[in-house]
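Here the structure is laid out as structure tokens; the discussion comes afterwards.
All figures in this text were calculated on a predicted structure; none of them were measured in a lab. Below, chain A is the first sequence line, B the second, and so on; all start at residue 1.
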Amino acid sequence: MKIKQLSIFLENKKGRMRNALEVLAEAGFNIRALSIADTSDFGILRLIVPEPDAAKKVLEENNFVVKVGYVIAVEMSDQPGGLSSILGMLDDSDINLDYLYAFVDEKEERAIVLLHPEDIDAGLEALEKGGATIIPSEDVYNW
Amino acid sequence: MIWNEKIECASREEIEELQLERLQDVVKRAYENVPYYRKRFDEEGVKPKDIKTLDDIKKLPLTTKDDLRAAYPFGMFAVPHREIVEVHTSSGTTGKPTVSGYTREDIQIWSEVMARGLTMFGLTEDDIIQNTHGYGLFTGGFGVHYGAQNIGATVIPISTGQTRRQIEIMKDFGTTVLIFTPSYGLYLAEVAEEEGLTKEDLKLKSIGFGAEMWTEEMRQEIQNRFNAPAYNIYGLTEIIGPGVALECSEQDGLHVMEDHFYPEIIDSQTLEVLPEGEKGELVLTTLTRQGMPIIRFRTKDVTCLRNGTCACGRTHVKMDRITGRTDDMLKIRGVAVFPSQIEKALLKMDGIEPHYQIIVTRPHHLDELEVQVETSPKLFSDEVKELVGIKKKIENYIQNEIGLRVDVTLVEPKTLPRSEGKAVRVIDKRELS
């Protein structure tokens with residue numbers, strides 16, 4: 001199961017990330033997970049929010065360039081080697097990973113990794129085959 | 001030293017008398033031999049015989065670069081082809097280049113005016129002149145070359161580039177006069193320093209520089225770095241090339257070679273001729289050129305003219321160094337760049353917003369060009385490497401168009417300033433005027 005993710009273009013300048021987050025806060029969107037990729041010129045802010053399409057609309061109304069993409073949420077065993085066994089499943093199927101970010105689901109006391117393989121469907125298939133616990137989007141949105 | 005004292009120090013009356021005689025001649029030749037001028041004069045209802053005084057030049061129509069471009073390639077020539085011995089062109093960055101044709105006599109004029117100018121810089125037959133201006137269609141290299149050979153100096157026709165070789169030659173050959181564009185000069189100075197060459201190793205007596213705008217601070221820097229006085233050279237392909245006006249030892253403006261080129265200053269809006277001392281657009285008429293006479297050419301360069309006898313003894317009118325343009329042309333590292341070219345390059349990219357801004361700076365003596373482009377949903381990718389690739393692609397498109405390396409910055413939508421009416425496309429932070 002794939003999870004919708006928002007990617008927002010940001011200039012690498014003071015206050016830019018805050019502007020985007022304020023727009024979401026004012027519209028009442030609670031952020032479930034977040035990561036930022038940055039270069040010297042620009043950054044890409046990646047977010048998981050409960051209503052991604054509505055959030056995209058609000059951001060666009062405020063002049064942000066936004067893309068909706070997909071990531072895969074996988075549960076990790078919270079012990080040494082937890083993440084590497086998941087990455088091993090992708091590696092064994094020769095699937096490249098673009099990026100990942102991880103966080104902890106306190107309610108369920110588990111660690112979760114969000115993965116973005118180059119080929120997302122192939123990645124999903126490899127993870128399922130490897131026996132990884134894939135988390136459905138409703139769960140992610142309702143953390 | 002004065003190359004041609006008789007004419008360079010002639011009285012105002014003598015100069016004006018000669019100018020009128022030559023103006024009448026060039027107007028007649030242009031009218032009779034160049035269909036473009038016949039048509040324009042007829043449209044304005046002016047005939048060669050109407051030029052009775054120098055002031056009557058105002059009756060003649062102005063010529064623009066577009067007029068010359070429309071005549072591409074040889075439509076402005078006033079002599080049969082066999083009499084043209086050399087052609088040069090402008091860089092052609094805004095479309096078709098303008099072509100300049102020279103007869104044998106024109107080359108002699110060119111070599112005469114450049115010899116006068118180089119003599120102002122102190123060049124004699126004993127000197128070794130290293131000419132870093134490019135040889136080719138660009139007029140810089142050959143103009144300097146002809147002048148220096150006329151004087152009898154030893155010319156090193158090295159052209160621009162091969163910077164380490166330039167330094168080596170400067171040292172081994174004992175170059176006494178250097179010719180460069182100011183920014184290339186400062187680059188040369190940096191490399192010379194890296195190579196461990198000190199001011200004392202150089203035997204420079206003077207420097208001629210031009211083809212770019214500069215500040216007095218830049219001149220000071222050049223003089224200090226090379227331990228020699230630096231003099232301004234002005235010219236343009238359409239008129240003849242370098243040699244239209246050059247600076248004397250006073251370093252206080254350039255003497256216009258008035259017996260060959262007639263200068264006027266106009267208000268670029270009303271097109272009225274402005275009185276002496278007022279700043280405006282320089283308009284030039286070739287008084288003696290045979291191959292391609294040019295009447296009242298709008299240079300778009302902003303300057304002012306000052307009359308009077310110079311402390312150097314010369315009487316020809318002086319013009320200030322160029323401090324601006326009346327169009328939106330930018331000179332970046334000596335290359336003419338128009339915002340429209342950058343726009344053209346951007347339009348090749350699918351998904352680019354029409355909002356962009358060009359920022360010119362000169363952080364370390366060399367011009368840097370940054371183009372800020374607003375991102376659009378179509379342009380945006382979630383992948384850093386893809387986005388970096390898009391940036392590179394835009395940079396390549398622009399570089400192909402203008403021939404200069406640029407730095408593209410992607411900015412957020414609606415962040416570039418919007419203005420009512422004409423957009424502010426260029427921010428020039430070089431502080432040249």
Side-chain angles (χ1 to χ4, degrees), chain A residues 2-23 34-48 52-53 55-72 96-101 114-120, chain B residues 342 345-346 349-361 363-364 368-399 405-419 423-425 427 429:
Chain A
K2 292 178 280 188
I3 292 166
K4 275 191 181 174
Q5 168 193 259
L6 293 184
S7 301
I8 304 160
F9 175 82
L10 294 176
E11 277 173 59
N12 202 347
K13 273 190 192 159
K14 210 164 79 181
R16 297 296 186 181
M17 181 162 159
R18 185 182 171 192
N19 289 348
L21 296 177
E22 262 173 3
V23 166
L34 154 160
S35 113
I36 186 147
D38 73 318
T39 71
S40 57
D41 294 349
F42 61 84
I44 300 172
L45 175 64
R46 300 180 178 122
L47 295 171
I48 306 292
D53 294 313
K56 177 176 188 260
K57 201 164 158 262
V58 170
L59 283 163
E60 280 175 345
E61 279 163 12
N62 284 278
N63 299 323
F64 284 95
V65 179
V66 187
K67 251 203 171 120
V68 174
Y70 290 93
V71 287
I72 307 166
N96 248 326
L97 195 63
D98 283 330
Y99 58 84
L100 63 78
Y101 49 112
L114 295 168
L115 300 162
H116 189 279
E118 253 179 17
D119 182 336
I120 193 146
Chain B
I342 292 180
L346 292 177
M349 230 15 232
D350 199 25
I352 275 200
E353 290 286 307
H355 301 293
Y356 64 91
Q357 200 158 48
I358 300 160
I359 296 160
V360 196
T361 52
H364 307 291
E368 295 290 341
L369 188 60
E370 180 193 354
V371 180
Q372 298 191 337
V373 181
E374 285 188 6
T375 12
S376 69
K378 215 167 175 182
L379 208 63
F380 177 51
S381 158
D382 175 39
E383 290 303 303
V384 170
K385 61 174 184 284
E386 263 181 55
L387 219 40
V388 169
I390 287 166
K391 178 182 128 94
K392 282 266 165 322
K393 200 166 163 191
I394 303 173
E395 285 174 349
N396 288 341
Y397 278 150
I398 299 176
Q399 183 165 1
R405 202 194 54 75
V406 295
D407 188 23
V408 164
T409 310
L410 298 173
V411 299
E412 288 168 32
K414 310 264 164 68
T415 51
L416 293 179
R418 305 294 196 263
S419 55
V424 182
R425 293 300 193 196
I427 297 178
K429 296 182 179 169

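- When side chains are defined from C-beta on, Thr415(B) does not count as touching Lys13(A), because their heavy atoms never get closer than 4.5 Å.
- In terms of the side-chain hydrogen bond (donor to acceptor under 3.5 Å, both in side chains) criterion, residue partners of Glu60(A) (sequence neighbours excluded) are, by chain and number, Lys56(A).
- Rounded to the nearest 0.5 Å, atoms CD (Glu383(B)) and NZ (Lys67(A)) are 10.5 Å apart.
- With values rounded to the nearest 0.5 angstrom, Leu410(B) atom CG is found 12.0 Å from Asn12(A) atom CG.
- Listed by sequence position, Ala37(A), Thr39(A), Asp41(A), Phe42(A), Ile44(A), Arg46(A) are the residues of residues 35-46 of chain A in contact with chain B, using a 4.5 angstrom heavy-atom cutoff.
- Residue Ile8(A) touches chain B through its backbone alone, counting heavy-atom pairs closer than 4.5 Å.
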(Q) Run the side-chain contact (heavy atoms from CB on, under 4.5 Å) test on Phe9(A) and Leu379(B) for me, step by step, so that the C-alpha distance in whole Å, both residues' side-chain angles and the decisive distance to 0.1 Å come before the verdict. (A) CA-CA 10 Å; Phe9(A) 175 82; Leu379(B) 208 63; over 6 Å; no
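- Here the shortest heavy-atom pairing between Val65(A) and Pro413(B) reads CG2-CG, 3.0 Å.
- Here Val411(B) is the residue among Val384(B), Val411(B), Thr409(B) with the most heavy-atom pairs under 4.5 Å with chain A.
- Under a cut-off of 6.0 angstrom, the local environment of OH in Tyr70(A) is sparse, with at most 12 non-hydrogen atoms contributed by other residues, nucleotides or ligands.
- The main-chain N or O of Glu11(A) is found under 3.5 Å from a side-chain atom of Glu412(B) such that the two form a donor-acceptor pair.
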